Amino acid sequence: MAMFSLAIRARAKPNPLLTRRALHFRNFCNGRFGFSTSESNPPDRPVAGTKFLESFKEEFEIGSRVISLETGKIARFANGAVVLGMEETKVLSTVAAAKGDAVRDFLPLTVDYQEKQFAQGLIPNTFMRREGAPKERELLCGRLIDRPIRPLFPAGFYHEIQVMASVLSSDGKQDPDVLAANATSAAIMLSDIPWGGPIGVVRIGRICGQFIVNPTMDELSLSDLNLVYACTRDKTLMIDVQAREITEQDLEAGLRLAHPEAVKYLEPQIRLAAKAGKQKKEYKLSMVSEQIFQKVRNLAEAPIDAVFTDPSYGKFERGEALEKITQDVKSALEEECDEQSLKVLPKVVDTVRKKVVRKRIISEGFRLDGRHLDEVRPIYCEAGHLPILHGSALFNRGDTQVLCTVTLGAPQDAQRLDSLVGPPTKRFMLHYSFPPFCIDEIGKRAGLNRREVGHGTLAEKALLAVLPPEDDFPYTVRINSEVMASDGSTSMATVCGGSMALMDAGIPLREHVAGVSVGLVTDVDPETGEITDYRILTDILGLEDHLGDMDFKIAGTRNGVTAIQLDIKPAGIPLDIICKSLEPARKGRLQILDHMEQEISVPRNQDDRNSPRLVTLKFSNDAIRRFIGPLGALKRKIEEETGARISVGDGTITIAAKNQAVMEKVQDKVDFVVGREIVVGGIYKGIVMSIKEYGAFVEFNGGQQGLLHISELSHEPVSRVSDVVSVGQQISLMCIGQDVRGNIKLSRKATLPPPESETKSVVEGSAPVTKEKPNIWASPENMSKGEQLESTLEELVPRKMENTESNRSASLTPSVVIRSAAECDEEEKSAGLSKTSKSASKPKGTLKKGSKQKKIQSSDNMPDLSLSVMLSESLSQMGGNKEFTSQDEGEANLSDQNDKETGGKTPVTPQKLKLGTKVTAKIYQIRARGLVLDLGGGIRGMYKFEPNGEKEFTVGDELLVQCSSFSSKGIPVMSMVDEE
């Protein structure tokens with residue numbers, strides 16, 4: 001209340017010392033008080049200055065491309081940070097070391113490589129729209145950086161180191177992996193971490209026999225060599241190769257070219273480190289004193305040598321014996337209470353083992369299992385180990401055992417890749433698995449393992465070179481490699497097993513691919529560090545890999561190398577020694593290939609119904625839309641019912657089925673929904689939709705309809721259609737013809753085996769067999785209903801005619817094709833067809849047979865049809881080029897007879913038949929309203945009786961007629977010509 005009264009008085013008598021502006025109060029706003037600066041006399045504000053970022057840059061040229069190294073502008077808090085750029089591709093690499101002393105007995109080096117989509121101007125296509133777990137390519141690039149830098153850290157340096165490489169921008173022309181490796185080398189040089197670098201990493205390609213330094217991605221797609229080489233000034237650190245059967249001589253030439261090119265990266269890094277590098281820090285090294293080493297050596301050397309000289313030991317027996325020696329030494333040290341020796345005992349015992357093994361190999365030339373240096377372990381191969389699978393193989397080399405399986409899939413099963421460079425999909429995948437039981441251990445399986453990804457990719461590169469091109473073999477292929485037992489070089493065993501499994505799956509490989517791992521044992525001068533003596537080992541054991549200096553994995557065919565991976569333990573190996581290792585690897589590879597080819601040398605024949613099937617069908621886009629259905633419902637339904645996978649492309653439908661039975665089931669469904677091109681003589685499956693007196697209407701081939709005439713039901717006479725087929729029944733049919741409008745004639749008996757009693761002669765009442773030229777036509781579903789009705793043919797009741805030349809009879813029973821049952825019913829009504837409408841007949845003409853004449857019954861007992869409808873049979877024989885062909889033998893014989901009687905005149909053709917054309921025609925049939933005339937050449941015409949005109953005609957009589965007009969259906973209308 002006092003505050004309120006004070007405020008009132010202040011307003012009544014303003015005091016300049018208590019005014020709101022003098023006290024720097026703001027006006028009431030949102031019900032709160034606040035201080036503000038005076039507007040009349042604002043105090044001096046500090047102005048933000050301009051920060052100067054001191055940066056250092058080095059530029060140089062390698063392989064006709066300018067490369068830049070820059071530091072100081074970004075990531076300034078990192079122990080070392082460098083941005084390496086080549087054109088518009090820029091990679092940032094940083095390095096940091098953990099604080100404090102190391103308490104472990106190994107180097108915890110972690111290398112993380114990351115490609116974010118912003119580097120190519122894209123937003124990730126994930127649900128969260130951000131990058132997730134590391135992809136396979138990122139893990140492989142991290143390994144590519146790790147392998148050359150790890151050997152150069154000093155012995156005993158066990159501080160935790162983390163390298164992070166990120167792609168800042170990418171133009172898609174250069175692969176950033178090599179740039180990241182060089183940037184990492186420069187970053188470590190700038191840091192205070194002790195390291196024996198710098199290193200240089202370069203990529204070499206080869207196109208048309210010419211080597212290319214730092215090739216672009218487009219050039220790599222044409223290259224038969226992809227070589228990544230890392231080195232110091234005089235020694236090799238890492239080699240990674242993917243090739244297309246390149247010879248050892250060409251590979252050596254590429255390596256010797258790569259070394260001087262990689263050395264060009266060293267001087268710019270040294271100059272940059274001199275400008276902006278930190279002083280190297282004194283880190284504590286975990287070293288073993290000479291006194292402790294000698295003490296443990298005296299206790300362990302003799303029993304270790306006894307174990308290593310006994311070749312009867314297996315992997316686990318040898319391991320148990322060595323572990324017992326370690327426990328004995330530990331007991332002895334515990335009795336002496338030597339705590340210092342106990343702390344480093346495992347490390348010292350391992351060093352003693354290494355010295356014993358290396359001495360025996362170099363001096364005596366014998367290995368742990370008693371083999372010679374270039375001897376390959378015994379091999380066991382078995383293709384088709386799991387017969388129900390698409391392909392499988394079991395491969396043993398010594399105690400190493402790998403089971404490889406092959407699974408084939410559709411093209412859409414290809415793996416989608418989201419990398420900055422390279423193809424968007426991958427159709428060949430090899431997944432390598434190293435379960436703990438293969439070395440009799442326990443462990444947890446979770447996520448991608450860097451080692452498994454690396455080994456699987458190496459085997460994948462080796463086999464990719466011999467796969468058939470995608471155009472010849474469009475399947476997606478996946479190999480699963482399950483390591484069942486491991487005692488050295490399981491990745492090369494995967495190559496061998498994978499090659500056999502691919503051939504077992506029927507994949508047409510060009511050659512078998514085999515792989516072998518080559519090791520190295522060196523004797524080094526302790527003062528100079530130079531190698532004084534060495535031995536190359538072929539097909540190394542797991543312990544030889546651990547105790548040796550090199551793991552050189554080489555895979556290839558008889559023709560050349562397809563993949564290489566070199567990992568070393570010392571700080572580099574001379575390139576000459578590595579090149580000398582290529583020949584022992586080739587000899588070992590050929591031995592393994594001999595065993596593999598004895599088991600399976602050519603791809604298996606995949607006629608087995610359990611093998612997968614892949615079919616690509618071509619359809620119009622409208623047909624594909626019908627097949628997919630609303631929102632893809634029909635396609636999904638077929639996939640769920642059959643288990644097949646269906647992919648739709650531009651004008652194509654690709655079906656991948658588990659076996660032939662599933663493929664046939666899917667194709668039947670596709671044919672029923674979409675249909676396929678109809679070919680005369682083609683077999684189709686259809687469903688009976690309705691039954692008539694004269695036949696059955698069948699729906700087939702994607703909704704198209706055709707007539708199965710009663711005469712085409714069976715080889716035996718059929719009295720009723722319903723005795724053979726029923727509505728809703730699915731039957732197999734053959735297309736036996738069509739008319740000009742695309743109406744289809746079907747036959748069931750053509751798909752049935754002929755009866756045993758069938759003779760070669762044509763019996764009375766049977767339809768002669770005609771061979772029609774195969775035709776392909778489109779679906780007539782776009783025709784209007786009027787056109788379809790106009791093209792509809794009416795059934796003519798069979799009538800027996802006798803031929804004066806051959807004295808044999810033929811049944812004139814043209815096939816009838818109606819587009820639908822409804823249209824047929826409508827036509828029946830319009831034509832007056834009825835079962836009850838029969839009237840008495842009266843003679844309308846005579847039929848000659850020799851000298852006898854037989855009265856012809858009037859056609860009143862037949863359906864009262866117009867001549868144009870009766871002659872539509874002739875029209876149905878016209879092709880698209882308006883050439884008429886005879887439909888049966890009887891008509892052909894009659895045409896030949898006409899030619900003979902006219903003295904061999906040229907028959908009339910549709911092109912010659914015009915208004916006013918005079919021809920000599922024969923009476924072919926006599927109807928109630930006129931005559932059916934045979935104009936020759938298979939052409940029929942009609943002559944209408946004139947009122948009160950002469951109606952006494954005989955079949956076979958010749959008449960001189962001329963063309964007076966054409967009906968609406970193109971049938972010639974003839975008129976009599978008085979003979980002069």
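Residue numbers count from 1 along this sequence. The model shown is predicted, which means the values in this text are computed figures rather than measured ones.
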Audit row: T457, Y432, side-chain hydrogen bond (donor to acceptor under 3.5 Å, both in side chains) steps and yes/no: CA-CA 8 Å; T457 301; Y432 168 96; over 6 Å; no

Output yes when a side-chain donor or acceptor of S499 lies under 3.5 Å from a complementary backbone atom of V495, and no otherwise. no

Between the main-chain N or O of A410 and the side-chain N or O of D413, is there a donor-acceptor pair closer than 3.5 Å? yes

Cation-pi check, R451 to F434: give yes when NZ or CZ is under 6.0 Å from the six-membered ring centre and within 45° of the ring axis, no otherwise. yes

Pairing donors with acceptors under 3.5 angstrom, does anything connect the side chains of Q412 and S647? yes

Pairing of D112 and R450 as salt bridge, 4.0 angstrom limit: yes

Side-chain donor/acceptor of R150 to backbone N/O of L109, under 3.5 Å: yes

Examine distances only and state if a side-chain atom of S223 and a backbone atom of E219 form a donor-acceptor pair shorter than 3.5 Å. no

Lys/Arg-Asp/Glu bridge criterion (N-O < 4.0 Å) met for R558, E245: no

Keeping E261 on the side-chain end and L257 on the backbone end, is there a donor-acceptor pair under 3.5 Å? no

Is the shortest distance from a Lys or Arg side-chain nitrogen in R206 or D250 to a carboxylate oxygen in the other one below 4.0 Å? yes

Do you see a donor-acceptor pair shorter than 3.5 Å between the side chains of Q401 and D399? no

Strictly distance-based, threshold 3.5 Å: is any side-chain N or O of S581 a donor or acceptor partner for the main-chain N or O of I577? yes

Would you name the heavy atoms of A81 and T71 that are closest together and state the gap between them? O-OG1, 2.7 Å

Is there a donor-acceptor contact under 3.5 Å from the side chain of R510 to the main chain of A465? yes

Using 4.0 Å as the upper bound for N to carboxylate O, is an ion pair formed by R143 and D177? no

Looking only at non-hydrogen atoms, find the nearest pair between A555 and M492 and report the distance. CB-SD, 4.1 Å

Less than 4.0 Å between a side-chain N and a carboxylate O, is that true for D545 and K569? yes

Trace of the side-chain hydrogen bond (donor to acceptor under 3.5 Å, both in side chains) decision for T400 with D487: CA-CA 5 Å; T400 297; D487 191 14; 5.7 Å; no

Could you check whether R416 pairs with D418 (Lys NZ or Arg NE/NH1/NH2 to Asp/Glu carboxylate O, under 4.0 Å)? no

Return the orientation label for the H259 and Y229 ring planes: parallel under 30°, perpendicular over 60°, tilted otherwise. perpendicular

Donor-acceptor contact present, side-chain H431 to main-chain N480, <3.5 Å: no

If you count every heavy atom of other residues, nucleotides or ligands that lies below 6.0 Å from K135 atom NZ, does the total exceed 12? yes

Sidechain-backbone polar pair: S517 side chain, I540 backbone, donor-acceptor under 3.5 Å: no

Can you tell me if R129 has over 12 outside heavy atoms packed within less than 6.0 Å of its CZ? yes

Side chain Q174, main chain M86, donor-acceptor under 3.5 Å: no

Can we say R256 and D576 salt-bridge, meaning some charged N sits less than 4.0 Å from an Asp/Glu carboxylate O? yes

